[in-house]
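All values below were derived from every heavy atom in this structure, side-chain atoms included, with hydrogens, water molecules and symmetry-related copies excluded. Just so you know, residue 1 is the first one in the sequence shown, and it goes up from there. Each ligand, and each atom within it, is numbered from 1 in the order the structure gives.
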Amino acid sequence: MTRVFNFSAGPAALPEPVLREAAAEMLDWHGSGMSVMEMSHRGKEFMGILAETKALLVELLQIPSNYKVLFLQGGAIGQNAIIPMNLLRGRTSADYVHTGEWSKKSIEEAQKYCTVRVAATAEASQYTHVPKQSTWDIDPNAAYVHICANETIGGVEYHWTPDTGDIPLVADMSSNFLSKPVDVSRFGLIYGGAQKNIGPAGLTLVIVRDDLIGQALPITPSVFDYRVLADNDSMINTPPTYAIYIAGLVFKWIKAQGGLAAMAELNRRKAAVLYDYLDATGFYTSPIAKEDRSLMNVPFRLPDPKLDAEFLKGAEARGMVQLKGHRVVGGMRASIYNAVPVEAVQALVAYMKEFEAARG
Ligand SMILES: *Cc1c(COP(=O)(O)O)cnc(C)c1O
């Protein structure tokens, strides 16, 4: 068996020890005689898995007691609709900061439910930076302010937390969730799909301050009403049981690595291997403002797009896959989530140097 260096943006690499543990427990979880996939979601085994998974997340992120942790389906894109349904609370508009493709999607979806004001946009730089808070124009009547904490496609990340005063801050953390410590108390709501840094696709996480829930629009589907979900411990219907189990194994793995501070340190070192080289080379370029560079998704370009196919072919021959950039921005993108080892980044940079020597 050979495992590749997987630079996929999502679904993405999972920690190998987690996959091994899941494989070992596939037919018989802890003597239950069943796979987790085969368990009743209301049985004591799965209820235990759910409780432990939630407790680990609370511990890792030090989630304050006035926040609810919800496990849903529908992905982050589903949340783009579910958030306004739940958080408008009688207001008619919400503010959004536009930093790229994912915030654009959030804006377009929210427009079905409310007036969307763009409080700040990175359009002037073609979405290669995060607008400084001093340039934001926040409406005091906004129901909330929405940001995308890490633009997975563009490679732009907030390395600071906006201060929106009394207006709840809502963040899409799909692609940098659990990559570093986060002060949850600064946010009204944090959400993300699992398939980047947490586990398999099919699970969506929402962490929401409890005073913000309970006023969902009457049209809100029950399975997406945060109050109903919170009151039923995310069990109003069958939750994505296997994905929750794998997320729990990933949380345990993160804890064993030393928690989120250790994860952040590792991610900084890992990203530096690639960014230091991008800064030194005259061959590859990175369009992103240095202070806003994502530690999770690193887009870069070759000097001529005609070289892209050859670069990708050589990478694949060396066991490095999924480096093609998103079609919207072109070029290459290396996604280097928690589970991608530093050896993968070192191998990529070694190959980039080799390619530069041959073609530069
Ligand atoms: C992947 C991603 C999404 C989309 O998530 P789905 O789970 O496919 O709905 C949304 N936002 C960001 C920042 C992402 O990286």
Side-chain angles (χ1 to χ4, degrees), residues 6-14 70-86 94 96-112 116 121-122 127-130 144-159 161-162 169-180 182 187 189-207 221 223-224 234 239-240 242-244 246-247 250 267 271 288 292-299 322 324-329 333-340:
N6 182 1
F7 296 97
S8 173
L14 286 168
L70 309 176
F71 298 98
L72 297 83
Q73 303 185 53
I77 297 206
Q79 290 305 313
N80 286 339
I82 297 160
I83 286 166
M85 283 187 193
N86 279 276
Y96 280 68
V97 177
H98 189 174
T99 46
E101 284 301 309
W102 285 117
S103 34
K104 183 172 119 197
K105 280 208 165 57
S106 297
I107 288 167
E108 287 167 356
E109 192 70 15
Q111 279 167 342
K112 296 180 184 170
V116 170
T121 172
Y127 306 102
T128 57
H129 81 292
V130 176
Y144 56 87
V145 178
H146 178 284
I147 63 166
C148 177
N150 184 65
E151 289 279 359
T152 322
I153 293 173
V156 167
E157 181 173 10
Y158 285 75
H159 296 294
T161 304
L169 178 62
V170 172
D172 178 356
M173 289 195 188
S174 292
S175 51
N176 66 351
F177 204 82
L178 303 185
S179 68
K180 57 185 174 187
V182 167
F187 297 84
L189 186 149
I190 292 169
Y191 70 102
Q195 69 274 21
K196 279 65 185 249
N197 243 345
I198 300 172
L203 168 65
T204 315
L205 277 134
V206 169
I207 301 167
V223 291
F224 294 139
S234 303
Y242 197 76
I244 289 171
I246 297 286
V250 171
N267 286 327
I288 311 302
D292 301 323
R293 287 168 162 177
S294 170
L295 298 191
M296 296 285 103
N297 309 96
V298 184
Q322 298 289 340
K324 193 174 162 51
H326 191 278
R327 63 194 146 70
V328 172
V329 293
R333 170 178 51 174
S335 294
I336 50 175
Y337 297 119
N338 286 350
V340 176

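Looking at every heavy atom in both residues, Arg333 comes nearest to Thr152 through NH1-O, 2.8 Å.
Checked by atom type, the side-chain pair Gln79/Asp172 shows no donor-acceptor distance below 3.5 Å. For the residue pair Asn297 / Asn150, a side-chain donor-acceptor distance below 3.5 Å is found, with atom types taken as modelled.
Both the backbone and the side chain of Ala76 come within 4.0 Å of ligand 1, judged by heavy-atom distances. Residue contacts with ligand 1 for Thr152 involve side-chain atoms from C-beta outward but no N, CA, C or O (heavy atoms, distance under 4.0 Å). With a 4.0 Å heavy-atom cut-off, ligand 1 is reached by no atom of Glu151.
The six-membered or imidazole ring of Phe177 lies away from that of Tyr337, with a centre-to-centre distance of 6.0 Å or more.
Residue Lys324 qualifies as open at atom NZ: its count of foreign heavy atoms under 6.0 Å is 12 or below.
Of the N or O atoms in Asn150, none lie within a sub-3.5 Å distance of an N or O in ligand 1. Between Cys148 and ligand 1, not a single N/O pair is under 3.5 Å apart.
In the vicinity of Ile77, heavy-atom distances shorter than 4.0 Å reach the ligand 1 atoms 4 (C), 9 (O). Heavy-atom contacts of Lys196 reach the following atoms of ligand 1: 1 (C), 2 (C), 3 (C), 14 (C), 15 (O) (cutoff under 4.0 Å).
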Passes side-chain contact (heavy atoms from CB on, under 4.5 Å), Gln322 versus Asn6? Steps please.
CA-CA 6 Å; Gln322 298 289 340; Asn6 182 1; 3.9 Å; yes
Would Arg327 and Glu101 count as a salt bridge (Lys or Arg N to Asp or Glu O under 4.0 Å) if you check the C-alpha gap in whole Å, the side-chain angles of each, and the deciding distance to 0.1 Å?
CA-CA 11 Å; Arg327 63 194 146 70; Glu101 284 301 309; over 6 Å; no
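Looking from atom 8 (O) of ligand 1 to the surrounding protein, the closest heavy atom is Gln195 NE2, 3.4 Å. At the shortest separation from atom 11 (N) of ligand 1 among protein heavy atoms lies Asp172 OD2, 2.6 Å.
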